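In this text the structure is predicted, and so the values were computed from the model without any measurement. Quick note on labels: first sequence line is chain A, next is B, and so on, each numbered from 1.
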Protein chains: 2
Amino acid sequence: MAESGSVGPGGERLLYLTDEQLRKGIEAMFFAYRGFTSDPDRILSDQGYGRAHHRAMHFINRSPGITVNDLLNTLGVTKQSLNRVLRTMIADGLVESRVGCGDRRKRNLYLTERGMALEADLSFVQRARMRAAYRRAGPEAVAGFRTVLEAMMDPEVLVRYNAMKAKG
Amino acid sequence: MAESGSVGPGGERLLYLTDEQLRKGIEAMFFAYRGFTSDPDRILSDQGYGRAHHRAMHFINRSPGITVNDLLNTLGVTKQSLNRVLRTMIADGLVESRVGCGDRRKRNLYLTERGMALEADLSFVQRARMRAAYRRAGPEAVAGFRTVLEAMMDPEVLVRYNAMKAKG
DNA sequence: ATATTATGTCAGTCTTGTTGACATTCCAAG
DNA sequence: CTTGGAATGTCAACAAGACTGACATAATAT
């Protein structure tokens, strides 16, 4: 399974990556991402929500009091798109939107009790799959997994990702 | 970066995975997948196509002559959904649909010259990102990356994934 | 002859992305 | 102090792409 590697003139590691290896990696991302989202998706559709609601809840849970602007930059969607899912979740009592103390244009977002409960359900099944995969793969594989994913992000996104909470 | 591991009574490896580590992995998947799709998405939207067209072209390219049924099972979408994108690509001369030789109910799908050219463009930018990530991460990380992704797939999907071409 | 399978089509709905227009709030330059 | 612009958030309309359900056609299997 280990790819062939050697050391180049600059001392950097060189990998001889065939198109086939790369395409296989592309397919692995596609199929794995489907598995990754499938368990929360089932719960969500029962409740009349979608993946967009899950993502919003995840990041509000991670950063309670986050502003709308910060959240839409994190999610990489337009404010209008985010606003739709926020509106329904606020109406349903999953999310609370408080006017900012310093700057009253801003809205600080929080999960309500009910919001936290649903987020916990979604997170539970998703973490369960992740945990199972990590256990089967082993610690070295997990480290490599994270390293490659981080190398695949856009640089600005990587900064945001690293800024988020303590490193796992 | 390496997680703490130890050996349990059955000899299996045990990982002590905190919720924080797992959530960080979830976020890594989310952000990395965005990067993973962003380059082809740009090309596609210029041409009036979407991610769905890319996925179909990818798998038709991988398995020339694949039937509609096999393709929709691979993609995990309904035939109506697949049919919409196939219809436009056939109309635009990117995909050819030939009546099956043995079983004339079946349609075998092929990329045309133009289809191959577009697929090559899309694949090129996606492979470039994957290659860069692999190079930066190194061979051991790549092996771990693939191992975890495979462990995250649904079992039936993993079978399909393994059946596809030679292993990278 | 009949049932089943493979495919394609039409119609309608839902989620979630988009742009455009607009209201509110804040801040800074006159 | 006022006024103009920037930042922020909301509403409306639209498009892509997923879904279900119903139905038609052709070929194969029983």
Task: Verdict with supporting geometry, A:Y161 and A:E150, side-chain hydrogen bond (donor to acceptor under 3.5 Å, both in side chains) - done: CA-CA 9 Å; A:Y161 163 84; A:E150 287 163 20; 3.0 Å; yes
Open item on the list: Quick check on contacts: within residues 77-86 of chain A, what sits under 4.0 Å from DNA chain D by heavy-atom distance?
Closed with: A:K79, A:Q80, A:N83
- [ ] Compute the bend angle of the helix from C:dA1-D:dT30 to C:dG30-D:dC1 from the end axes (five pairs per end), rounded to 10°.
- [x] 10°
Open item on the list: Before you tell me yes or no, could you show the steps for B:R131 and A:D19 under side chain to side chain contact (heavy atoms under 4.5 Å, CB included), namely the whole-Å CA-CA distance, both residues' side-chain angles and the distance that decides it to 0.1 Å?
Closed with: CA-CA 9 Å; B:R131 189 183 304 113; A:D19 280 5; 4.2 Å; yes
Open item on the list: Does this structure show an ion pair linking B:E20 with A:R62, if we count only N-O contacts that are shorter than 4.0 Å?
Closed with: yes
Task: Closest heavy-atom pair and its distance - B:S38, A:D154 - done: OG-OD2, 4.3 Å
Open item on the list: Exactly one of B:Y33, B:F30, B:F36 should register a ring pair (Phe, Tyr, Trp, His ring centres under 6.0 Å) with A:Y33. Which one does?
Closed with: B:Y33
Open item on the list: For a quick test of reading the model, state the closest non-hydrogen atom pair linking B:V85 to B:A52 and the distance between them.
Closed with: CG1-CB, 3.8 Å
Open item on the list: Below 4.0 Å from chain A heavy atoms, what is the first contacting nucleotide of DNA chain C and what is the last?
Closed with: C:dT15 to C:dC26
TODO: For atom CD of A:E156, decide whether the heavy atoms of other residues, nucleotides or ligands shown that lie under 6.0 angstrom number more than 12.
DONE: yes
Open item on the list: With a 4.0 Å cut-off on N to O distance, would you call B:R23 and A:E119 a salt bridge?
Closed with: yes
Open item on the list: With side-chain hydrogen bond (donor to acceptor under 3.5 Å, both in side chains) as the criterion, how do B:H58 and B:Q126 come out once you've worked through the C-alpha distance, each side chain's angles and the decisive distance to 0.1 Å?
Closed with: CA-CA 11 Å; B:H58 173 94; B:Q126 195 159 45; 5.6 Å; no
Task: DNA chain D contacts made by residues 98-111 of chain B, counting heavy atoms under 4.0 Å - done: B:G102, B:D103, B:R104, B:R105
Open item on the list: Does the plane of the ring in B:F145 sit parallel, tilted or perpendicular to the ring in B:Y134? Use 30° and 60° as the thresholds.
Closed with: perpendicular
TODO: For residues B:A151 and A:R136, report the shortest heavy-atom separation together with the two atoms involved.
DONE: O-NH2, 3.0 Å
Task: Closest contact, heavy atoms only, B:M57 versus B:L122 - done: CE-CD1, 3.8 Å
For a quick test of your reading: what N or O donor-acceptor pairs under 3.5 Å do the side chains of residues 65-75 of chain A make, sequence neighbours left out?
| from | atom 1 | to | atom 2 | distance (Å) |
| --- | --- | --- | --- | --- |
| A:T67 | OG1 | A:D70 | N | 3.2 |
| A:N73 | ND2 | A:N69 | O | 3.2 |
| A:T74 | OG1 | A:D70 | O | 2.9 |
| A:T74 | OG1 | A:R160 | NH1 | 3.2 |

TODO: Go through residues 36-54 of chain A and report each residue with a non-hydrogen atom lying under 4.0 Å from DNA chain D, sorted by number.
DONE: none
Task: Atom of A:N108, atom of A:G100 and distance for their closest heavy-atom approach - done: OD1-CA, 3.3 Å
Open item on the list: Please find the pair of heavy atoms, one from B:L109 and one from B:S97, that lie closest to each other, and give the distance.
Closed with: CD2-CB, 3.9 Å
